[in-house]
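The structure under discussion appears below in the form of C-alpha cells.
Everything quoted here is computed from the prediction, not taken from an experiment. Chain A is the first sequence line, chain B the second, and so forth, proteins listed ahead of strands; every chain is numbered from 1.
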Amino acid sequence: MRFSKMFIPTLREAPSEAEAISHKLMLRAGFVRQLAAGLYIFLPLGWRVLNRINRILKDEMEAIGAQEISMPILHPADIWQKTGRWFEIKEEMFRLKDRTDRDMCLGMTHEEIMTWLASREIRSYRDLPQIWYQIQTKLRDEARPKSGVLRTREFIMKDSYSFDISDEGLDHSYKLHADAYHRIFTRCGIDFYQVESDPGMMGGATAHEFMAPSPAGEDDIVQCGSCGYTANVEVARTVAPAMDTNWDYEEVYTPNKRTVKEVSEFINAEPSCFIKSLLLIADEGPLLALIRGDQELHEKKMSKLIGKFRAASKEEVKSIIGAEAGFIGPIGHTIRILSDYSLQSGSYVAGANKEDYHIKGVRPGTHFIPEWHDLHVAANGEHCPECGSAITIFKAIEIGNIFKLGTKYSSSLNAVFLDKNGEERPIIMGSYGIGPARIAAAAIEQNNDKDGIIWPPSIAPFDIEIIPLNVNDDKTKTIAEALYKFLTNKRIEALLDDRDERPGVKFKDADLIGIPIQIIIGEKGLKDNQIEIKVRRTRESRKVQLENAESEILGIVCDKE
RNA sequence: CGGGGCGUAGCGCAGUUUGGCUAGCGCACCUGCCUUGGGAGCAGGGGGUCGGAGGUUCAAAUCCUCUCGCCCCGACCA
C-alpha cells in the first residue's frame, strides 16, 4: 500500500479522554476512532491488525478440526428463555421487539444458538464430536465501557463450541482448545498465562482464562513463583501466614472504638490480630462471617457457600446480636458461623457483643466452633495453596477463556444424541472465546515506547515500511518504487511512504505506527549506493549495499515469526 | 447504579471565579515561495457561536434551571 492513498490519520497529541496506553496509541496512530462510549470504528490500519489476528485464529482453529460457521447476531428470545439466561441477565442484554411484537435480543454470546443448532441436527453418537466456531460480533450493554477497545459494548469475538458424547470427550476438546490458545497467543507475540478462573454464570465446573499481564488489565492474577500455580483472585485459594499470637482471654474496654483500624490503634495491635465479624443476611437467615482484620471478605466465595446474601443493616445487627455494629464477635450466640481458614491458629481480638468492649485472646476452635472455609480475598504476602511458596499478584487483560459447560445448555435445549446402546443422552459441551481486539490492545500495552507502537511482526499491519526521505529526488524515488514492487511481488506486505513530507514527519509517523522493519532510502546513503534497514523495536540500523538489499530484506522478513 | 471530573475549530488547550467590543493560542488544514536524515521557515488564508434547551440581564462561553454526552474510581462484567 501507498501511504498517500491510505487513510492513516495520525495525531500529534492523543485525545484527552484516552487513559490507557493502548488506547492513546491506537488513536494517535490512526488505528481506531470512537463513535460513542464502548463503540469503536476500526480504520484501515486497525482493521488490518484484526484481520491478521483473525487469520492466526482461523489457522489454529482449523488445525484442531474446528469448522467455521456464521450465526445471526439477532436472536429470538424464546431460546434464551429456555436456558433461563433471558431472565438471569439484566440490563447487560440488548433487547428489542420485531414488527410482530416478538421479543428478540442481540447476542452477547452464542451458547444458546449453537446448542439450538446442535439440538436440531445432531442425532447420533456417530455425529460427534463436533467443534464449531465463528468470528462474530457480540453486543453487551456494559455498565462501564473503558480503556478503549479493552471493554466495549460491541466487539468481535472468536467463539467456539465443542460437542462431545462424554466427559472424556469434553476433556479432550478442552485440551485441544487450551493448546490451540497457547499457540495462538504465542504466535501473536503476547506474554500471557493460563489461569484458573470462575465459571460464573456460564455454568459448569472448570474454567480457565488466558491473561496478558498489563497495568491496563482489569483482573488481578495470583501467581506462585515456585510451582507455577496461577489463578484469578476471583478463585485463588491463597493461604495467609499463620499467626502466633498467644494472648490470655480478657475483656478490653474500647470506648467508642468500632473499626479494626480504630481498635488496633487504641490497643496497639496489628490489624492481622483481629477477627473481623460480619453479620450477613442470606436466604437461610442471618449468619456470621469471620475473616482476619487485614483481610477482605471474598463475596463470590461466600455466595458459593450460602447463596445470595447481603450485609446486615445497623438495626438488624442490634436486634439479632444485641450489640452495636463495631462490637460484634463470634462468642456467645447461636447463629451459624463461617470462618476463614487463616483464623485456625493464633489468638485474636474480637468484638465482645457488648457496647464499648472487645475481647482479647479469642481462640477460634476453642472459644467457639466455626465452619472452616476459604473466605478471604488473596493478597500479597500470602502463600501458594499448592506448594506454600510466596505468591505475587499482578494486573492482566483477559484475552481468552475456556469453559467446560457440561450439559447446562444441552439439557435445557434438549440437545441430545443416541448412544451405542440406543439410549438418549445430553451432549456434553464446552465453549471457548478469544477477543481479537483485546489481543491487539494487549500487544500494544506490552510492546511500546515513547515514540509509539512496536508491533509483534505476526500481527503488524504491514511487514515493512519503505521510507524514501525525499520523493522529489529521482534516484530515491526510483529505488523505493523498485523495492516496493519487488516486495509486493514476493507477497510481503509493504507500506510505501510516498508522501511529499519532510523526513522528520515520516520518521515520527513510522515509529508511531510501529511496523517492525523500516527501510530508509535517503540521498546521503545513495551516494555510497547504500540504503538502511532499521528495526523498530531495537532501533538498530544497518546500512546495506543496494545490490544486496533485496536478499537482506527477504532474510529479515522471512524469519519474522 | 453510587462517587468524581470534563464538554470552547480536526487534536491539545486558555478564557468561566469577578457577565461587557468582531471568542483567543499552538498544532493540523488551504495557497504561494522555500526546504528535504527526526514532527522546518516565511507570507497569506479558511474553519468554532462556546454540547443542547430554557431562564436572568441592556448584555451570557461566563450566572441559574433542566437535559444530553464523554472520561475516571467503585459496583457489575454471562
Side-chain angles (χ1 to χ4, degrees), chain A residues 9-20 23-24 27-28 30 33-39 80 83-94 105-112 138-148 150-153 155 157 159 197-204 207 209 216-219 232 234 296 299-300 303 310-311 397-398 401 403 405 408-409 431 433 435 438 450-452 467-473 476-477 497 499-513 518 520-527 530-532 534 539 541 543:
Chain A
T10 58
L11 298 169
R12 288 205 188 196
E13 290 177 277
S16 56
E17 73 258 19
E19 192 91 353
H23 190 201
K24 284 183 180 166
L27 288 167
R28 279 195 61 209
R33 287 295 183 262
Q34 186 182 41
L35 174 64
L39 297 175
W80 285 81
T83 65
R85 291 210 287 186
W86 176 266
F87 310 104
E88 289 166 27
I89 298 167
K90 305 237 158 56
E91 306 91 339
E92 206 166 325
M93 180 185 277
F94 283 108
C105 66
L106 300 178
M108 16 202 327
T109 174
H110 279 77
E111 279 79 15
E112 274 76 2
K138 307 285 183 246
L139 289 122
R140 297 177 186 177
D141 196 357
E142 289 286 349
R144 185 151 92 87
K146 56 178 289 201
S147 306
L150 280 176
R151 183 162 217 86
T152 54
R153 294 192 292 174
F155 58 97
M157 184 176 184
D159 49 325
S197 69
D198 181 5
M201 292 291 285
M202 294 293 293
E209 289 164 336
E218 300 179 87
D219 290 85
N232 198 309
E234 288 179 354
E296 295 290 325
E299 296 187 9
K300 276 191 178 164
S303 296
R310 61 177 173 83
I397 298 167
E398 182 185 352
N401 50 40
F403 296 94
L405 299 176
K408 176 177 158 96
Y409 297 92
S431 81
R438 284 189 173 180
K450 67 175 175 45
D451 288 312
I467 308 174
L469 294 182
N470 179 6
V471 292
N472 296 315
D473 177 63
T476 302
K477 193 175 177 183
D497 193 348
R499 296 174 301 168
D500 185 8
E501 287 284 357
R502 297 172 57 82
V505 174
K506 296 191 177 192
F507 285 133
K508 287 291 183 189
D509 275 345
D511 288 348
L512 181 58
I513 290 166
Q518 302 171 358
I520 299 162
I521 304 172
E523 290 167 86
K524 271 188 191 169
L526 288 182
K527 279 183 190 144
Q530 288 180 330
I531 63 173
E532 230 169 288
K534 189 169 175 183
R539 296 176 185 281
S541 167
K543 291 188 169 64

Discussion item. Categorize A:Arg140 for me: base, sugar-phosphate, or nothing, with a 4.0 angstrom heavy-atom threshold over every strand shown.
Written reply: sugar-phosphate
Discussion item. Applying the Watson-Crick and G-U wobble criteria at under 3.5 Å, what pairs with B:G44? Answer none if nothing qualifies.
Written reply: B:C30
Worksheet item: Whole-Å distance between B:U36 C1' and A:Glu501 CD?
Response: 11 Å
Discussion item. Could you tell me how far B:G69 sits from B:G52 if I compare only their C1' atoms? Round to whole Å.
Written reply: 10 Å
Discussion item. Regarding A:Glu501 and A:Lys506, does a basic nitrogen lie under 4.0 Å from an acidic carboxylate oxygen?
Written reply: no
Practice prompt. Could you measure between the two P atoms, the one in B:G2 and the one in B:A59, and give it in whole Å?
Written response: 38 Å
Worksheet entry | Proximity to the side chain of A:Glu532 - top-ranked nucleotide from B:G12, B:C71, B:G37 | B:G37
Discussion item. Students often get this wrong, so: under 4.0 angstrom with heavy atoms, is A:Ala18 touching a base, only sugar-phosphate, or nothing?
Written reply: nothing
Discussion item. Nearest to the A:Glu17 side chain among B:U36, B:C71, B:A75, which nucleotide is it?
Written reply: B:C71
Worksheet entry | Same-atom distance (C1') from B:U65 to B:U56, integer angstrom | 11 Å
Worksheet item: In terms of side-chain geometry, is the basic nitrogen of A:Arg85 or A:Glu111 positioned less than 4.0 Å from the acidic oxygen of its partner?
Response: yes
Worksheet entry | Out of B:U36, B:C76, B:C72, whichever nucleotide has its closest atom nearest the side chain of A:Glu92 | B:C76
Worksheet item: Of the nucleotides B:G39, B:C73, B:U36, which one has an atom closest to the side chain of A:Thr10?
Response: B:G39
Fill in: Opposite nucleotide pairing with B:C6, Watson-Crick or G-U, both atom distances under 3.5 Å
B:G69
Worksheet entry | Distance, C1' atom - from B:C42 to B:G38, rounded to whole angstrom | 22 Å
Fill in: Euclidean distance, atom CG of residue A:Leu11 to atom C1' of B:G12 [Å, nearest integer]
10 Å
Response to the item:
A:Glu92 meets the side-chain hydrogen bond (donor to acceptor under 3.5 Å, both in side chains) criterion, sequence neighbours left out, with none
Discussion item. Work out how far the P atom of B:G15 is from that of B:C25, and round it to whole angstrom.
Written reply: 15 Å
Discussion item. Test of understanding: with salt bridge (charged side-chain N to carboxylate O under 4.0 Å, His left out), list the residues that count as partners of A:Lys534, not counting sequence neighbours.
Written reply: none
Item to complete: Searching all strands shown, indicate the nucleotide that pairs with B:U36 (Watson-Crick or G-U wobble; both distances under 3.5 Å).
Response: none
Item to complete: Could you work out which one of B:C11, B:C70, B:G39 sits closest to the side chain of A:Arg12?
Response: B:G39
Discussion item. Given B:G37, B:G39, B:C11, identify the nucleotide with an atom nearest to the side chain of A:Glu13.
Written reply: B:C11
Worksheet entry | Spacing between A:Arg499 atom CZ and B:U36 atom C1', to the nearest angstrom | 14 Å
